[in-house]
Amino acid sequence: MLGLNRPELSQLMEEMGEAPFRAQQLLDAVYRQKVESVDQISTLSQELRAKLAEKNVSVGFPRIDKRFVSQDGTVRYLIEFSDGQSVETVWMPEGDGGESGDGTEAGESSAMRSTARQWDRATICISSQVGCAVDCQFCLTALLGVKRNLTAGEIVGQVCAVLKDQKVSPPQDRINLVFMGMGEPFLNYDNFIKAVRLLVEEVGVAESRMTVSTAGIVPRIHDFGQEPVRPKLAISLNASNDRQRTELMPLNRKWNLEKLMAAAREFPLRNRERITFEYVLLHGVNDSSDNAREVAELLRGMRAKVNLIALNPGPGIRFSTPEEERVAAFQQTLIKAGIPAFVRRPRGRDIYAACGQLKRTVEIASAPVS
Ligand code: SAH
């Protein structure tokens, strides 16, 4: 049932000869209460629960296979689905300063900070595919190749599993969602959009608290702009000219900077909305002041901001991380050119949970919890 929307659950109940109000009970049980089995849906009669079991209707709640807890509070979850495939989902108390789902920068508002816990907002980073086909040269997920798309239920299921594990629920708790985990969301577009709707309508996360990142699937950027319900848009830029971008992100051959920037410029922004451009800084490769000036040129006149990410290293990645001063200098060049630029702080690097490190790594120094 996870992944089914209101009309689909209504139809299921109708087919089973049940009253229409049952659909609401199922939605509440699955998406609000986050039951893990039909047995746990106490609002249904024993008889109906048995009938569902007979029809092989299950909840489809994913299993948390492992948890890795970072020194900084980040938790990397290995989440397993019914066919045994798994993805990673990351819980970041206080986020990483880049998501700003409500339009403020993380850490700006702490007036409502609860004394009971250490965060007043948290961000969940969600995967959209098992592995990834895009082959960015600095990203560990690329090494897996793509195994399959996730269903809408599996995308929403990651969120439900983490919310339940952390004992929080939106909208009472301030939760931001970023579609920035394993996979390319715009290569699994329909399931991604269906998941977004379920997350907004049934789980209770506002669209303004969600951001999706794409490596630059240009036709889908156009489609995305037409969606009546949509997260904010982030684009992984990562290079300042075509030669360099093609080297780092082979998809640039198909959708080069001219096409990408045209799509970004045409993208219909809402009130006060900006497009985020992510830029991974690789030591001695794309981190010079010339590169920064080229980025400023690309973004001139746009309602945009740049999130800078110093490379998170990993085995099999041939690049290295620039020094902090170099990152700061790059940021200053952008700011001087009038482009808002932020440096994202790495979260959970010690447990391979940071950007570009999601590879279902189980062989790490610190032992998994539980
Ligand atoms: N496939 C989508 C969603 C993933 S977002 C996309 O590419 O946008 C993951 C972000 O992490 C991207 O902005 C990517 O550029 C960045 N990233 C990838 N590998 C990284 C690494 N090793 N260090 C730091 N950031 C990295």
Side-chain angles (χ1 to χ4, degrees), residues 74 76 87-90 92 95-99 123-146 149-150 155 158 177-189 192 195 210-218 220-221 224 231-240 244-245 247-252 255 260 263-264 275-283 285-287 295 305-322 327 330 342-350 352-359 361:
T74 300
R76 178 167 64 99
V87 296
E88 299 186 331
T89 311
V90 182
M92 292 174 278
D96 72 350
E99 67 295 312
T123 299
I124 302 175
C125 180
I126 313 163
S127 293
S128 55
Q129 300 181 303
V130 181
C132 188
V134 179
D135 205 24
C136 300
Q137 298 296 297
F138 41 78
C139 180
L140 277 180
T141 307
L143 301 177
L144 296 173
V146 68
N149 281 335
L150 295 187
I155 297 173
Q158 293 168 64
L177 301 180
V178 295
F179 295 86
M180 300 188 183
M182 301 169 90
E184 168 49 52
F186 283 8
L187 290 180
N188 185 15
Y189 189 80
F192 154 69
M210 300 182 191
T211 303
V212 63
S213 178
T214 179
I217 314 297
V218 168
R220 293 290 90 76
I221 295 176
F224 186 62
K232 295 192 287 188
L233 177 65
I235 295 176
S236 295
L237 185 61
N238 297 333
S240 61
Q244 197 168 63
R245 194 164 190 270
E247 242 167 61
L248 299 173
M249 303 174 71
L251 101 166
N252 193 64
W255 295 295
L260 180 64
I275 299 188
T276 299
F277 288 87
E278 295 138 297
Y279 194 98
V280 184
L281 289 160
L282 312 170
H283 174 77
V285 175
N286 65 355
D287 63 344
V295 170
K305 70 164 183 168
V306 175
N307 275 345
L308 299 171
I309 320 170
L311 177 81
N312 295 308
I317 299 299
R318 63 175 193 273
F319 303 104
S320 59
T321 310
V327 175
F330 198 98
F342 303 87
V343 179
R344 283 167 69 162
R345 70 194 156 103
R347 298 297 310 269
R349 256 191 201 169
D350 56 338
Y352 280 98
C355 302
Q357 293 190 312
L358 302 183
K359 206 197 99 184
T361 309

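Just so you know, these numbers come straight off a predicted model, no measurement behind them. Counting starts at 1 for both ligands and their atoms, in listed order. For this chain, numbers begin at 1 and follow the sequence in order.
- Heavy-atom distances between Gly183 and ligand 1 reach below 4.0 Å in at least one pair.
- In terms of polar-atom proximity, Phe138 is counted as a contact of ligand 1, with an N or O under 3.5 Å from an N or O of the ligand.
- Atom 23 (N) of ligand 1 has its closest protein heavy atom at Asn312 N, 2.8 Å.
- The single protein non-hydrogen atom nearest to atom 15 (O) of ligand 1 is Asn238 ND2, 2.9 Å, given as residue, atom name and distance.
- At the shortest separation from atom 13 (O) of ligand 1 among protein heavy atoms lies Ser236 OG, 2.7 Å.
- Protein heavy atom closest to atom 17 (N) of ligand 1, with residue, atom name and distance, is Val280 CG2, 3.7 Å.
- Atom 20 (C) of ligand 1 has its closest protein heavy atom at Gly356 CA, 3.3 Å.
- Nearest non-hydrogen protein atom to atom 3 (C) of ligand 1 is Ser213 O, 3.4 Å.
- Polar contact check, Pro185 against ligand 1: no nitrogen or oxygen pair lies under 3.5 Å apart.
- Counting only heavy atoms of the protein, atom 11 (O) of ligand 1 lies nearest to Cys355 CB, 3.4 Å.
- The heavy atom nearest to atom 5 (S) of ligand 1, considering only Met180, Met249, Gln357, Arg349, is found in Met180.
- When the side chain to side chain donor-acceptor pair (under 3.5 Å) test is applied to Ser213, the partners found at least two apart in sequence or on another chain are Ser236, Glu278.
- Using 4.0 Å as the threshold, Gly314 has no heavy atom nearer than that to any atom of ligand 1.
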